[in-house]
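Throughout, protein chains are lettered first and strands after them, A, B, ... in sequence-line order, and every chain is numbered starting at 1. Since this is a predicted model, take the numbers as computed values, not measurements.
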There are 4 protein chains.
Amino acid sequence: MLIDPKSNVPIFRQIADQIREAVDAGVYRPEEALPSLRALAVEIRVNPNTVQRAYDELDREGVIESRRGLGVFVVDQRRLAVGSRAEKKLARLLKEAVATGSAEGVTPARMRELFESTLRTNLQAAGKRK
Amino acid sequence: MLIDPKSNVPIFRQIADQIREAVDAGVYRPEEALPSLRALAVEIRVNPNTVQRAYDELDREGVIESRRGLGVFVVDQRRLAVGSRAEKKLARLLKEAVATGSAEGVTPARMRELFESTLRTNLQAAGKRK
Amino acid sequence: MLIDPKSNVPIFRQIADQIREAVDAGVYRPEEALPSLRALAVEIRVNPNTVQRAYDELDREGVIESRRGLGVFVVDQRRLAVGSRAEKKLARLLKEAVATGSAEGVTPARMRELFESTLRTNLQAAGKRK
Amino acid sequence: MLIDPKSNVPIFRQIADQIREAVDAGVYRPEEALPSLRALAVEIRVNPNTVQRAYDELDREGVIESRRGLGVFVVDQRRLAVGSRAEKKLARLLKEAVATGSAEGVTPARMRELFESTLRTNLQAAGKRK
DNA sequence: GTGGTCTAGACCACA
DNA sequence: GTGGTCTAGACCACG
């Protein structure tokens, strides 16, 4: 893990990016523990808070999962794989949407934006119906 | 804005929740500026970093948008509404997916999980094709 | 006994709350033994320390009592009810105080605070007289 | 601060007792910070958890107060001093009760036991009335 | 020991 | 002035 403190890319993002790549590349296996916050902080000589912020980002993305008192672990993507029929249906629709967007050049960030917007709109509509 | 420092709900989340509700309720109009980080921090007597963390969360959700040197602003959801044909198509598909999930009782958190998972899978596939 | 590890309510408090309710509801009778630390820990899949902390809390509240080498037992509230004339008098006064506070909307936590403060003040006064 | 690890008195209680005495004796002034958890743990060579348990006990008793991110502080007893009329009334009754108990030789621990028992009984009665 | 939240106060980039 | 990042170091919940 190499960090360039002078880069314009924030340190916490450099960390997150490298871990994300490592997970995608299979360097860390599903359910495997990553280095502890403090251990990684010492190793790359940054403040533990900075590492935490990186882990936070990966947690929100669903790449890793932290278990208090135990450590942080690579999420087994297969475990996410949809139980109920409702979820299967949803997953299929999402896959179609993402594939379409991707094929037509919409960036992931923009897709996330649209997804969140849709979610929010839906929630408000649902709320008002109460 | 009322904060309970002894609550089990983290302060930054209390802040985020209250602002989100205020925005939904129309207390803040689209494109309107929210209180500055430091101003809000003074008002509710917490550290500016804690307020920032709340703003961060809302930013990621697309509720607000911060513009460095200017302040943080309520995002005009209509502005997200999409420009290109590709985005329109994507938006329609996402809406369908979310509506379906919502109707069948899938929680927003779970939908977000599945969406992120789908995104990630798609990106990896796209990457390998390179 | 159902535990939600993702809840914001700490696990040890979830445990304590459920046991307190069970005792109040008469699920466990006075003088009856509760599940052993380790047995309960295994059953609900948490660390024994966590269970210990829950039992600790209930012990301090006087709901249960642990007897070394034997187990933990539901305290028979009638047993507390007082032996000596002095205790009867005290109990009567405390009951009046608590009833008054409760009727006027003082929270239990605040009553405890005032009680402890009173106790402390009294002890110091007694000490100085020595 | 001297700790006797061989004593029958648990270490955390030895710590709590000594700090309580120090506060009563005015060694630490109201609003003054106590040694941090870890600092004290290192100094007297015990596990930080043990110190925390001592601080916990003092916190519940209202002797000290911990402020996240800052440290633990001696509570200014004057600050507790009853605002509302209801609290004044309650405080007066509690003072009478404690003074009576104290005068007739009831121990503080026993008083606390009776107080907690009374509180609990009252709460249950209030709950059932719902 | 682990991760999580918070504070104080620093420096930076931007307007 | 604004927000963004980082450090040092605190307590908190859990194992």
Check whether B:Gln14 reaches the backbone of B:Asp4 with its side chain - one donor and one acceptor, N or O, closer than 3.5 Å. yes
Ranking A:Phe12 and B:Val72 by the position along DNA chain F of their nearest nucleotide, the one closer to 5' is B:Val72
- Query: If you measure from the Lys or Arg side-chain nitrogens to the Asp or Glu carboxylate oxygens, is any gap between A:Glu31 and A:Arg29 under 4.0 Å?
  - Reply: no
Rounded to whole Å, CZ of A:Arg45 lies from C1' of F:dA8 at a distance of 17 Å
Look only at the side chain of B:Ser117 and the backbone of B:Glu113, and say whether a donor-acceptor pair between them is shorter than 3.5 Å. no
ask   = Is a salt bridge present between C:Arg110 and D:Glu87, judged by a nitrogen-to-oxygen distance below 4.0 Å?
value = yes
C:Arg38 atom CZ: more than 12 heavy-atom contacts under 6.0 Å = no
Apply salt bridge (charged side-chain N to carboxylate O under 4.0 Å, His left out) to D:Arg53 and D:Asp56, showing your working. CA-CA 5 Å; D:Arg53 214 170 154 191; D:Asp56 234 55; over 6 Å; no
One would report the end-axis bend of the helix from E:dG1-F:dC14 to E:dC14-F:dG1, five pairs per end and rounded to 10 degrees, as 10°
When rounded to whole Å, the CZ to C1' distance for the pair D:Phe73 and E:dC6 reads 13 Å
Counting only side-chain N and O atoms of A:Ser66, is one of them less than 4.0 Å from OP1 or OP2 of E:dT2?
no
Check: OP1 or OP2 of F:dA13 less than 4.0 angstrom from a side-chain nitrogen or oxygen of C:Thr50, does that happen here?
Finding: no
From CZ of C:Arg13 across to P of F:dC12 the rounded distance in Å is 12 Å
To the nearest angstrom, the CG-C1' distance between D:Leu37 and F:dA8 comes to 17 Å
> Checking all strands, does D:Tyr55 fall into the base, sugar-phosphate, or nothing category for heavy-atom contacts under 4.0 angstrom?
Replying inline: nothing
Is any side-chain N or O of A:Arg53 closer than 4.0 Å to OP1 or OP2 of F:dT5?
yes
- Could B:Arg112 and A:Phe115 be counted as a cation-pi pair, given that NZ or CZ must be under 6.0 Å from the ring centre and within 45° of the axis? no
When you compare the protein's N or O atoms with those of nucleotides 9-15 of chain E, which come within less than 3.5 Å of each other, and at what distance?
residue : atom : partner : partner atom : Å
E:dG9   : O6   : B:Asn49 : ND2          : 2.8

Do any side-chain atoms of residues 41-50 of chain C form donor-acceptor pairs under 3.5 angstrom with protein atoms, and if so which ones, sequence neighbours left out?
residue : atom : partner : partner atom : Å
C:Asn47 : OD1  : C:Asn49 : N            : 2.7

From CZ of A:Arg67 across to C1' of E:dG1 the rounded distance in Å is 17 Å
Here the distance between atom C1' of E:dT2 and atom CG of A:Leu34, to the nearest Å, is 14 Å
Quiz item: Can you check whether A:Gln52 has a side-chain N or O nearer than 4.0 Å to OP1 or OP2 of E:dG3?
Solution: no
note: B:Ile64, atom CD1; F:dG4, atom C1'; distance rounded to Å ~ 13 Å
Carboxylate-amine/guanidinium proximity below 4.0 Å for C:Arg13 and C:Glu57: yes
B:Ile11 CD1 to E:dA8 P, in whole Å, measures 11 Å
Under the 3.5 angstrom rule, does the side chain of A:Gln18 hit a backbone N or O of A:Leu2 as a donor-acceptor pair?
yes
Residue pair A:Pro48/B:Ala39 against DNA chain F: nearer the 5' end by closest nucleotide is B:Ala39
